[in-house]
Amino acid sequence: MAKPMEQIKWQELEVGSVVVEVGNALEYETGTWRSEKPVVNKTQCIKCGVCWLFCPDACIVKAPEGHFEANLTYCKGCGICAKECPVGCITMTGEEE
Amino acid sequence: MDRFSVFSSRLVDKSENFTSGHRACQGCAEALAVRHVMKALGRDTIVAMSTGCMEIISSPLPLTAWKVPWIHNAFENSAAVISGCEAGMKAMMRKGIIPQKKINFVAMGGDGATADIGMGPLSGALERGHDMVYICYDNEAYMNTGIQRSSSTPFGASTTTSPAGKDSMGQHTQKKNMPQIAVAHDIPYVATACPSFPFDLIEKVKKAAEMPGAAYVHILSVCPTGWRIQPQDAIKYGRLAIDSCVFPLYEVVNGEYRLTYTPYRKLPVTEYLKGQGRFRHLTDKEIQLIQDKVDRDYQKILKRCEEGR
Ligand SMILES: Cc1ncc(C[n+]2csc(CCOP(=O)(O)OP(=O)(O)O)c2C)c(N)n1
Ligand code: SF4
Ligand code: SF4
Ligand code: SF4
Ligand SMILES: [Mg+2]
């Protein structure tokens, strides 16, 4: 787990500010930005993966049952998956306060 | 969806070498382009990236969304940096200091980095013929710093430094044709692509990486923030740009042109322009000018493709 930047002292930085842990942006949960979330109708989903291919945030995963759904830890709620789904089985629904 | 079967999304590499947790705006198709490019390239890749949206959103210290060696460059010099990486690593391989291995050396920059400030280093790298790929993510302005016009901003688009108003119709110069400038360097591979056509994009990036010598890929990357559209429409506008022939998808292999996608029905440019806030102010006369230019340019590309046959 990387420390937040404001807690890091300069002596702790690698030379050249190199980040040695790959892909650690996963620690940053962009899901908190969201005001709407995609909800998949599992029975209508034809498991084509189009939503997965078009998600700019790489946050659509294949569920064990075979359909696709958003990982809400990262989903920013852009609505691309709902718009591009060929059978229209994703609905954007408002987040509760 | 493009001409390929929807089911072929199963054939696309599942690994994510550009991870979630990056800070691009909602619906950023430039970030989607990076994701697709990294699927095409795989882990044996070194990336040098110019500053710009994709650099700042992916690497706020101490975090990184990259799973490959990646270096943040100045605005102008990613092509020079990757040239040095390639020459250095090849020399070390030759001397047996590191094992022989196929590595993809890739420089990336936005349209500002490519068509404006980094043009010199890019031209030098293409001319020297390093075994590298240069990828331009073209969102048609300097988005990172607040939507300033670049030489890649299209005619008529309103940006903060080419604002539309009483005395101005927005950008009054024509978009610089970067792919053609790359072709003029006589390099083995040049292509245009767009993440709305992911299979086409992935295929081209793979080809660019496999081809020995320098390759250039120009990717139209829809930016909802700068184009003033809804985030969910980012894929749609990429598709409209291609179906209206505003941005034709083609590749040039050793000087031979090939159109990789022909619209089923060529749409009028109004289909593409309407709904984009940056073009909202355009009059019918200005739209006609755009249409005429698109038709002329498309004919030129078609002619070059025919000559190759
Ligand atoms: C020499 C220099 N001038 C200006 C800047 C400020 N700057 C950083 S990114 C950027 C714009 C990037 O535009 P582009 O390359 O199109 O990428 P985008 O953000 O649109 O993806 C500017 C002007 C800089 N970093 N260095
Ligand atoms: S709403 Fe956007 S970020 Fe969320 S899963 Fe769909 S495409 Fe991905
Ligand atoms: S695009 Fe729609 S049908 Fe296809 S996998 Fe996603 S949710 Fe299912
Ligand atoms: S400004 Fe545009 S290109 Fe930059 S992160 Fe936002 S949507 Fe993407
Ligand atoms: Mg740009």
Side-chain angles (χ1 to χ4, degrees), chain A residues 1-8 12-14 16-31 33-36 38 46-62 68 70-87 90 92, chain B residues 1-2 5-12 14-36 38-39 43 57-72 195-196 198-199 201-202 221-222 224 230-236 238-239:
Chain A
M1 196 68 185
K3 271 197 216 173
M5 194 55 199
E6 54 280 8
Q7 290 171 25
I8 300 176
E12 296 171 64
L13 290 173
E14 299 283 330
S17 293
V18 172
V19 177
V20 289
E21 208 181 334
V22 295
N24 62 356
L26 287 168
E27 292 173 21
Y28 185 75
E29 303 189 349
T30 49
W33 299 10
R34 194 178 54 240
S35 58
E36 281 188 324
I46 56 166
K47 303 169 182 155
C48 63
V50 164
C51 51
W52 169 79
L53 198 55
F54 283 127
C55 174
D57 288 277
C59 67
I60 293 186
V61 287
K62 200 170 177 170
F68 286 74
N71 176 348
L72 296 178
T73 311
Y74 302 107
C75 168
K76 293 173 187 165
C78 68
I80 285 179
C81 52
K83 181 102 187 191
E84 296 302 323
C85 171
V87 293
I90 307 178
M92 297 305 290
Chain B
M1 259 164 291
D2 41 39
S5 145
V6 279
F7 295 97
S8 40
S9 68
R10 297 210 177 126
L11 303 175
V12 175
K14 301 286 175 295
S15 58
E16 302 291 351
N17 299 315
F18 181 70
T19 65
S20 313
H22 67 69
R23 303 178 193 199
C25 312
Q26 291 175 315
C28 174
E30 189 160 68
L32 179 61
V34 177
R35 181 180 166 226
H36 289 159
M38 290 314 295
K39 283 186 180 296
R43 290 289 286 270
I57 60 104
S58 66
S59 66
L61 199 66
L63 302 180
T64 177
W66 297 86
K67 286 198 179 166
V68 299
W70 175 93
I71 182 167
H72 163 208
S196 301
F199 303 108
L201 184 153
I202 290 171
S221 311
V222 177
Q230 295 296 317
Q232 69 267 28
D233 291 333
I235 310 299
K236 179 183 101 176
R239 210 176 282 132

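Note: hydrogens, waters and symmetry copies are ignored here, and every other heavy atom, side chains too, is used.
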J.: Specify the closest pair of heavy atoms between B:S9 and A:W52, including all atoms of both residues, with the distance to one decimal.
T.: O-CZ3, 3.6 Å
J.: Select one option (side chain, backbone, both, neither) describing which atoms of A:E14 are under 4.5 Å from chain B's heavy atoms.
T.: neither
J.: Can you tell which part of B:A65 gets under 4.5 Å to a heavy atom of chain A, answering side chain, backbone, both or neither?
T.: both
J.: What residue in A:P4, A:G79, A:P56 has the most heavy-atom pairs under 4.5 Å with chain B?
T.: A:P56
J.: Excluding sequence neighbours, so at least two apart, what forms side chain to side chain contact (heavy atoms under 4.5 Å, CB included) with B:L61?
T.: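 Listed in chain order: A:M5, A:L13, A:S17, A:V19.
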J.: Need one label for A:E27: side chain, backbone, both or neither, based on atoms under 4.5 Å from any heavy atom in chain B.
T.: side chain
J.: Counting heavy-atom pairs under 4.5 Å to chain A, which of B:A24, B:C28, B:S59 comes out on top?
T.: B:A24
J.: Has the side chain of A:K76 got a donor or acceptor atom that lies under 3.5 Å from a matching backbone atom of A:G31?
T.: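 Checked: no pair found.
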J.: Could you tell me which non-hydrogen atom of B:P224 sits nearest to which non-hydrogen atom of B:G27, and how far apart they are?
T.: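 Shortest heavy-atom contact: CG-O, 3.1 Å.
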J.: For residues 24-33 of chain B, pull every pair meeting salt bridge (charged side-chain N to carboxylate O under 4.0 Å, His left out), keeping only residues two or more places apart or in separate chains.
T.: none
J.: Can you give me the closest heavy-atom contact between A:E36 and A:R34, atom names plus distance?
T.: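 Distance-wise, the nearest heavy atoms are O-CG, 2.7 Å.
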J.: Give, as side chain, backbone, both or neither, the part of A:L26 having an atom under 4.5 angstrom from any heavy atom of chain B.
T.: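 For A:L26, backbone and side chain are both near chain B.
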J.: For A:Y74 and B:G21, work out which heavy atoms get closest and say how close.
T.: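 Nearest pair, atom of A:Y74 first, then B:G21: CD2-N, 3.8 Å.
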J.: Counting only non-hydrogen atoms closer than 4.5 Å, does B:P195 touch chain A with its backbone (N, CA, C, O), its side chain (CB onward), both, or neither?
T.: backbone
J.: Side chain, backbone, both or neither: which part of B:H36 has a heavy atom under 4.5 Å from chain A?
T.: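 For B:H36, side-chain heavy atoms alone lie under 4.5 Å from chain A.
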J.: If I compare all heavy atoms of B:H22 with all of A:D57, which pair ends up nearest, and what's the gap?
T.: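 The answer is CE1-OD1, 3.1 Å.
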J.: Would A:I60 and A:F54 count as a side-chain contact (heavy atoms from CB on, under 4.5 Å) if you check the C-alpha gap in whole Å, the side-chain angles of each, and the deciding distance to 0.1 Å?
T.: CA-CA 9 Å; A:I60 293 186; A:F54 283 127; over 6 Å; no
J.: Looking at every non-hydrogen atom in both residues, tell me the closest pair between B:I235 and A:E84 and how far apart they are.
T.: CB-OE2, 3.4 Å
J.: What residue, out of A:T30, A:N24, A:I80, has the most heavy-atom pairs lying under 4.5 Å from chain B?
T.: A:N24
J.: Picking from B:Q230, B:H72, B:K67, B:R23, which has the most non-hydrogen pairs under 4.5 angstrom with chain A?
T.: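 Maximum pair count with chain A is reached by B:R23.
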J.: Using a cut-off of under 4.5 Å on heavy-atom pairs, state which of A:K3, A:E21, A:K83 scores highest against chain B.
T.: A:K83
J.: Given the options B:I71, B:N17, B:T19, which has more heavy-atom pairs under 4.5 Å with chain A than any of the others?
T.: B:T19
J.: For the interface with chain B, which of A:C81, A:C59, A:A25, A:C55 has the highest count of heavy-atom pairs at distances below 4.5 Å?
T.: A:A25
J.: Who wins among B:P231, B:A31, B:P62 for the most heavy-atom pairs under 4.5 Å with chain A?
T.: B:P62
J.: Under 4.5 Å heavy-atom distance to chain A, tell me which part of B:K14 shows up: side chain, backbone, both or neither.
T.: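 B:K14 touches chain A through backbone and side-chain heavy atoms alike.
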